[in-house]
Amino acid sequence: MFLWLAILGSIEICDVIGCHLCEEPGGILPIFFGSAPYLVIKYISKGKNYKWTAENVHVTGSREECEALRTKVNEKLGKETERPKKLGLFINPIGGSQNSLNVYSKTIAPLFRAANIVCDVMVSERPKHIVDIMKSFDTTCVDGLVVVGGDGTLLEVINGLLTRAQKEAGLDYDKPTCKLKPLEVPIGIIPTGTGNGTAKGLYGNTDVVTAALHIIRGKTNRNNVQAVYSGGKLASLSTIVIGCGLFSDLIYHTERQRWLKKARYVVVPLHLMLFKKQRLFDAKLTIFQRDSTAEDADGTSENSTTYEQKGIWGICSAGGDFIAAVESKMDLITMNKHSQEINSFTLLVYNEAGRLPFLTHFFQLMAFSLSAFQKDFLLPYTVRGYKVKIQCSDKSPDPESEEVNINNLLDVDGELLDIVDGEYEVWNHRQLLRFYTSS
């Protein structure tokens, strides 16, 4: 017992998941002398590559000693006011490998029970079902929300919640100049989708146990969000990436090869880059850079520059000042922390490139290599906002083909969005969302 007290002193109370009293069968002796009580204390162990695991320590002693220690631990946990006691949990059962329900019931639910967290579970039954749930879900009855799915499911949740919050606040949120109301309820992600980019930025990996343990600890940070406007309306919000041209083409063709399952995310991009002619287009691009020397009435002053981009392959923006954040190393946690503190993000323009240089860039990007950005065909900008008007295509698609409207498609966090007349704009909104994360 005294040895464990010393060990307990080396573990922060915020890393203790929970504890419970058990009776230990000690072989044949308990038949004659009864069972020896012991206390199981479950805590968080932090390993390499940001991976966290749940470990157990068994403490033996008299029943009175074990109960006294349990009371002491629970009293300390009770003072951790950030830890959630009730969560609203939304499961996408068909995303990724279609194992979200199994992951929750066998891995996540036992951890939440050990932490004495009650969950109000809702399972998506159809496309956009979660959007409908968000229209009426009372966030005041829970301490936080958890998405069991991927980036697409998360996008449905934040679009629904943030749009509702702006309506309730009476804000004209369709105007890009409108300062959006932040969402107060924290959100966690159990990454079971095909794309799990947000989880990687929050937790450093896509391990579901690591994600659950971050949620249990209850520590939160605010993250920036990019808003997409088209046709005079707020069309979508984004936490990861927004892209047209090459990027929307990749999603467009990938979604039509679902029979390949997860393999389509490798097979289709390679096929397009190796065997299909590049679809080039012209665009009018206006970028807005923050002027730190002056501010207007709403706290911002923009310096704008317009470029006529000819024969480009794609335009892409990533949440946060990606280029500045990776000057030392491409560490997702470091990049995410840096992005939380600034009011700008990265815009990339892809000019026409040979197949081999672009494939090299693609694989370097997947490997989080700094050299991915050191390419002649890549034009990087650091912006607070930008506008795009797609003016013409390299070759107009066949009117009979399904690609006739491809110029009006935008990739938002891996989901395709229709834009009006090939025109859209993107603006940064600082610290709009609260996520469960230690970064």
Can you confirm whether [X] sits close enough to [Y] that some side-chain heavy atom of one is under 4.5 Å from a side-chain heavy atom of the other?
{"X": "Leu347", "Y": "Ile287", "result": "yes"}
{"X": "Val225", "Y": "Leu180", "result": "no"}
{"X": "Lys179", "Y": "Arg430", "result": "no"}
{"X": "Val228", "Y": "Ile242", "result": "yes"}
{"X": "Tyr43", "Y": "Ile17", "result": "no"}
{"X": "Tyr38", "Y": "Thr60", "result": "yes"}
{"X": "Thr198", "Y": "Phe435", "result": "yes"}
{"X": "Val241", "Y": "Phe247", "result": "no"}

Restricting to non-hydrogen atoms, name the atom on [X] and the atom on [Y] that form the minimum distance, rounded to 0.1 Å.
{"X": "Pro191", "Y": "Ala211", "value": "CD-CB, 3.7 Å"}
{"X": "Cys178", "Y": "His429", "value": "O-CE1, 3.4 Å"}
{"X": "Ile251", "Y": "Gly414", "value": "CG2-O, 3.7 Å"}
{"X": "Ile91", "Y": "Val121", "value": "CD1-CG1, 3.8 Å"}
{"X": "Leu111", "Y": "Ala54", "value": "CD2-CB, 3.8 Å"}
{"X": "Ser230", "Y": "Ala235", "value": "N-CB, 4.4 Å"}

inquiry  = Please report whether the ring centroid of Tyr203 lies less than 6.0 Å from that of Trp52.
reply    = no
request  = Compute the ring centroids of Phe137 and Phe90, then answer whether they are less than 6.0 Å apart.
outcome  = yes
Measure the spacing between [atom1] of [X] and [atom2] of [Y] and express it to the nearest 0.5 Å.
{"X": "Asp411", "Y": "Cys316", "atom1": "CG", "atom2": "SG", "answer": "8.0 Å"}
{"X": "Lys86", "Y": "Ile117", "atom1": "NZ", "atom2": "CD1", "answer": "13.0 Å"}
{"X": "Arg83", "Y": "Asn116", "atom1": "CZ", "atom2": "CG", "answer": "8.5 Å"}
{"X": "Leu89", "Y": "Cys119", "atom1": "CG", "atom2": "SG", "answer": "5.0 Å"}
{"X": "Thr192", "Y": "Asn99", "atom1": "OG1", "atom2": "CG", "answer": "6.5 Å"}
{"X": "Leu145", "Y": "Leu87", "atom1": "CG", "atom2": "CG", "answer": "8.0 Å"}

note = Given the options Asp413, Asn159, Thr163, Ser236 meets side-chain hydrogen bond (donor to acceptor under 3.5 Å, both in side chains) only with Asn159
query = Out of Glu82, His214, Arg434, which one pairs with Thr220 under the side-chain hydrogen bond (donor to acceptor under 3.5 Å, both in side chains) rule?
reply = Arg434
Is [X] reaching over with its side chain to a backbone N or O of [Y], donor-acceptor style, under 3.5 angstrom?
{"X": "Gln166", "Y": "Leu162", "answer": "yes"}
{"X": "Arg256", "Y": "Tyr252", "answer": "yes"}
{"X": "Thr254", "Y": "Val268", "answer": "no"}
{"X": "Asn196", "Y": "Ala199", "answer": "no"}
{"X": "Asp174", "Y": "Leu234", "answer": "yes"}
{"X": "Thr107", "Y": "Tyr104", "answer": "no"}

task = May I have the step-by-step check of side chain to side chain contact (heavy atoms under 4.5 Å, CB included) for Asn205 and Asn49, ending in yes or no?
result = CA-CA 8 Å; Asn205 54 53; Asn49 300 319; 5.6 Å; no
ask   = Should the heavy atoms of other residues, nucleotides or ligands under 6.0 Å from CG of Asp421 be counted, would the total exceed 12?
value = no
message = Taking NZ in Lys375 as the centre, count heavy atoms belonging to other residues, nucleotides or ligands within less than 6.0 Å. Is the count above 12?
response = yes
query = Is it true that Lys46 and Glu55 have a side-chain N and a carboxylate O under 4.0 angstrom from each other?
reply = no
ask   = Hey, what's the ring geometry for Tyr350 with His361, parallel, tilted or perpendicular (30° and 60° as the breaks)?
value = perpendicular
task = Quick one: sort the Phe288 and Trp427 rings into parallel, tilted or perpendicular, breaks at 30° and 60°.
result = tilted
inquiry  = Between Leu359 and Leu270, is the side chain to side chain contact (heavy atoms under 4.5 Å, CB included) condition met? List the steps.
reply    = CA-CA 8 Å; Leu359 275 175; Leu270 287 177; 3.8 Å; yes
query = Step by step, would you call Val388 with Leu410 a side chain to side chain contact (heavy atoms under 4.5 Å, CB included)?
reply = CA-CA 11 Å; Val388 174; Leu410 189 67; over 6 Å; no
task = May I have the step-by-step check of side chain to side chain contact (heavy atoms under 4.5 Å, CB included) for Ser124 and Thr153, ending in yes or no?
result = CA-CA 9 Å; Ser124 176; Thr153 309; over 6 Å; no
